[in-house]
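The next block holds one structure in the form of structure tokens; read it before the comments.
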Amino acid sequence: MTLTTTDWRKSAVYQIYPKSFYSPEGKATGTLRGVTEKLDYLASLGIDYLWLTPVYASPQNDNGYDVSNYYAIDPSYGTMQDFDDLLAEATKRDLAVMMDIVVNHCSTEHDWFKQGRNPDSPYHDYFIWQDEPTNWQSKFGGPAWSFDEVAGKYYLHLFDQTQADLNWENPRLREDIYQMMQFWRDKGVRGFRLDVINLISKDQSFPNDPTGDGRTFYTDGPRVHDYLQEMNQRVFEGHDLMTVGEMSSTTLNHCRQYSHVSEEELKMTFNFHHLKVDYPDGQKWTAAPFDFLELKRIMSDWQVGMQGKAWNAIFWCNHDQPRVVSRFGDDTIYRVESAKMLATTLHGLQGTPYIYQGEEIGMTNPDFTNLTDYRDVETLNLYEEKIAQGEAPEQILAAIRQKSRDNARTPMQWDTTLHAGFSEATPWIDVAPNYTDINVKAAVANPDSVFHHYKKLIQLRKQYDVLTNGMYRLLTPDDLSIWAYERTTEDEQLLVLSNFYSSETTFTLPETMSDADVLIQNYPDVAQDGRNVTLRPYESVMFYRTT
Ligand SMILES: O=P(O)(O)OC[C@H]1O[C@H](O[C@H]2O[C@H](CO)[C@@H](O)[C@H](O)[C@H]2O)[C@H](O)[C@@H](O)[C@@H]1O
């Protein structure tokens, strides 16, 4: 039996980056068969949905976020039969599969673009052309417009120049996209993650941006809600589908509408504001510690701002972000404690938790030392751009080591064998050297591991209604090391206490919680004296009582 629509708010999603997951065939990149072979492991974690990052045919300039055929599986991942087998095997284990839908742009290798370069082709209007470029900047560096010799015009690409933005103003394009989504839905896919979907509607006057990189003219743009409502009616309505939009540089107000409880657009949204607390002055490519007070403030604002109105996708990690234990925890002596603390803090919040492959065993950044270790188009473009601007290579590398998307893309660490059990072949990107200590085999065998902590958190969400419905309140906005919050319903009360640092600190429990039960903790006991709790390095405790 698969989950019913009434259950989705209690579910957990696991994100798979197939290229780095597993290759039983001994290839340099992971495959769909690799995912199928690991389904029992995923089911044992207790998750409900598997989100696969793009596996469609693609030249792989942006690891599949540059789709050249939405109806075909990229041969590096296998065949459509492999995909169908994965769906069938997942369903047997009560796991639903979510596809990544990348329709802000497509590859310049897509037939639409190849034909659309000809101004007389009906596909010309599937893209965004200008005789003169604006000053908008690509999110991967350099100008957002490139000249096409055949068309004799500039086309827009908010990402790499091989990722041409699609023209959503064109109803024929929209119809083609909805049909493609219906194809996957009718195959048995149970959800969609929509890549940078809040960028699809551009200000049609295409103005220059006097103060920025152009994003104000295409982020949460003029017709984006109309398009999502149309998509909902054409693809989602009447079907049991999980839908989540990736919202780049968005606002709370827009997300309240995208994922409003009336479900006219999507079920939930990802936003990234909490993952920019280590971008000093908004600059991603500067190595810097994170701002803890900002982290609490931003996540709390989104908890309070969405509750009762809309729904958050909650997450620390994905394929674009550094590993959270290296980022907001301690990936050396307190790796296990801090990985569990971060998990408890996140899983106590309202929303749907997303777990990115390897997070559940506390995988860390690999700490690569050379530029040649990196593969990501954003990282490599950035390096060239900064060098051209005269920045010192060591300084750029320090930022890359902390921030590169490749931190999340090293192969999944399955066991202590060659290449961490990922494949017999040399992987497309190096394995993190700590795989002999940090791997699935060891984590599953140890009842105190990060893996078993995640498993318990996933179970608690299904068991305690307060985790789904409880109202959120931040108790320690100004505390420099503790994030304490409560969640309450009419008859339940939950208190989550987390120490984000390695120094001991104390917290005085509210009177009502002094004899509360402990649902989950990351030390063998709770150091409690009356209402005073001593929180050891990276300690986290979840208290619970009925009222
Ligand atoms: O940081 P934001 O402006 O809030 O944007 C969020 C993420 O957007 C982009 O990610 C997604 O689209 C890319 C192009 O398809 C793709 O390369 C990426 O893998 C997708 O997840 C951006 O690339 C990310 O860095 C941002 O975090």
Side-chain angles (χ1 to χ4, degrees), residues 13 15-20 51-56 58-68 70 98-108 110 136-142 144 156-166 192-200 212-221 244-252 254-255 258 269-279 282-285 298 302 312-313 315-324 327 354 356-357 374-382 399-400 402-409 429:
V13 184
Q15 183 192 349
I16 296 186
Y17 197 68
K19 188 165 185 169
S20 301
W51 151 29
L52 292 182
T53 58
V55 290
Y56 316 99
S58 158
Q60 302 288 331
N61 291 334
D62 187 19
N63 289 354
Y65 284 92
D66 47 329
V67 179
S68 56
Y70 293 102
M98 294 168 69
M99 292 299 267
D100 210 320
I101 299 291
V102 190
V103 286
N104 172 66
H105 44 266
C106 70
S107 167
T108 50
H110 195 292
W136 297 5
Q137 293 297 298
S138 153
K139 288 177 185 285
F140 288 168
L156 180 68
H157 56 87
L158 297 181
F159 294 89
D160 188 54
Q161 62 178 22
T162 62
Q163 292 166 295
D165 275 56
L166 291 162
F192 296 113
R193 177 265 187 189
L194 299 155
D195 188 59
V196 288
I197 199 68
N198 65 326
L199 308 186
I200 57 178
D213 62 3
R215 68 181 61 200
T216 47
F217 299 109
Y218 58 74
T219 304
D220 302 315
V244 54
E246 186 197 36
M247 303 301 174
S248 162
S249 304
T250 188
T251 64
L252 188 49
H254 277 287
C255 285
Y258 293 130
T269 51
F270 289 114
N271 82 82
F272 295 84
H273 297 289
H274 65 297
L275 296 178
K276 293 179 181 167
V277 294
D278 50 8
Y279 294 9
Q283 297 306 308
K284 172 171 176 176
W285 297 107
I298 293 169
W302 279 80
N312 280 306
F315 69 108
W316 289 130
C317 300
N318 70 21
H319 62 292
D320 295 331
Q321 301 293 332
R323 292 286 180 181
V324 70
R327 189 177 198 176
Y354 283 68
Y356 176 68
Q357 65 183 48
Y374 292 91
R375 303 283 177 270
D376 175 32
V377 60
E378 181 194 41
T379 303
L380 301 177
N381 286 355
L382 169 277
I400 287 177
Q402 187 186 348
K403 307 278 179 70
S404 172
R405 305 194 300 180
D406 281 337
N407 282 313
R409 299 177 181 186
I429 187 168

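Remember, it's a predicted structure, so these values are computed and weren't measured experimentally. Sequence positions, counted from 1, serve as the residue numbers for this chain. Start at 1 and go down the list; that is how both ligands and their atoms are numbered.
- Applying the 4.0 Å criterion to heavy atoms of Phe272 picks out, from ligand 1, the atoms 4 (O), 6 (C).
- Nearest to atom 23 (O) of ligand 1 by heavy atom, out of Met247, Arg215, Glu378, Arg405, is Arg405.
- Between Phe270 and Trp316, a ring centre-to-centre spacing not shorter than 6.0 Å is recorded.
- Near His105, meaning under 4.0 Å from any of its heavy atoms, are these atoms of ligand 1: 14 (C), 15 (O).
- Atom numbering of ligand 1 starts at 1 in the shown order; those under 4.0 Å from a heavy atom of Phe140 are 17 (O), 23 (O).
- Using a 4.0 Å cut-off between a side-chain N of Lys or Arg and a carboxylate O of Asp or Glu, Asp195 and Arg193 qualify as a salt bridge.
- Each of the atoms 10 (O), 11 (C), 18 (C), 19 (O), 20 (C), 21 (O), 24 (C) of ligand 1 lies under 4.0 Å from some heavy atom of Asp320.
- Considering each of Arg193, Lys139, Arg409, Gln321, the one bringing a non-hydrogen atom nearest atom 27 (O) of ligand 1 is Gln321.
- Scanning all protein heavy atoms for the shortest distance to atom 22 (C) of ligand 1 gives Phe159 CE2, 4.0 Å.
- At the shortest separation from atom 7 (C) of ligand 1 among protein heavy atoms lies Glu246 OE2, 3.4 Å.
- No salt bridge links Glu378 with Lys403; every basic N to acidic carboxylate O contact stays at or beyond 4.0 Å.
- Salt bridge Arg375/Asp406: absent, no basic N to carboxylate O contact under 4.0 Å.
- Rounding to the nearest 0.5 Å places CG of Asp165 at 7.0 Å from NE2 of His105.
- Nearest to atom 17 (O) of ligand 1 among the protein's heavy atoms is Asp62 OD2, 2.5 Å.
- Taking the six-membered ring for Trp and the full ring otherwise, Tyr56 and His110 have centroids separated by 6.0 Å or more.
- Taking atom 3 (O) of ligand 1 as the reference point, the nearest protein heavy-atom neighbour is Ser248 OG, 2.8 Å.
- Residues Phe272 and Tyr279 place their aromatic rings such that the two centres sit no closer than 6.0 Å.
- When hydrogens are left out, the protein atom nearest atom 2 (P) of ligand 1 is Lys276 NZ, 3.3 Å; that is the closest non-hydrogen contact.
- Listed by number with element, the atoms of ligand 1 under 4.0 Å from a non-hydrogen atom of Val196 are 8 (O), 9 (C), 11 (C), 12 (O).
- Protein heavy atom at the shortest distance from atom 4 (O) of ligand 1 is Ser249 N, 2.8 Å.
- For atom 15 (O) of ligand 1, the nearest non-hydrogen atom from the set Ile197, Thr219, Asp195 belongs to Asp195.
- For the pair Asp220 and Arg215, the salt-bridge criterion is not met [side-chain N within less than 4.0 Å of a carboxylate O].
- Listed here is the closest heavy atom pair of Ser138 and His157: CB-O, 4.0 Å.
- A distance of 5.0 Å separates OG1 of Thr53 from OH of Tyr65, quoted to the nearest 0.5 Å.
- Every N/O-N/O distance between Lys284 and ligand 1 stays at or above 3.5 Å.
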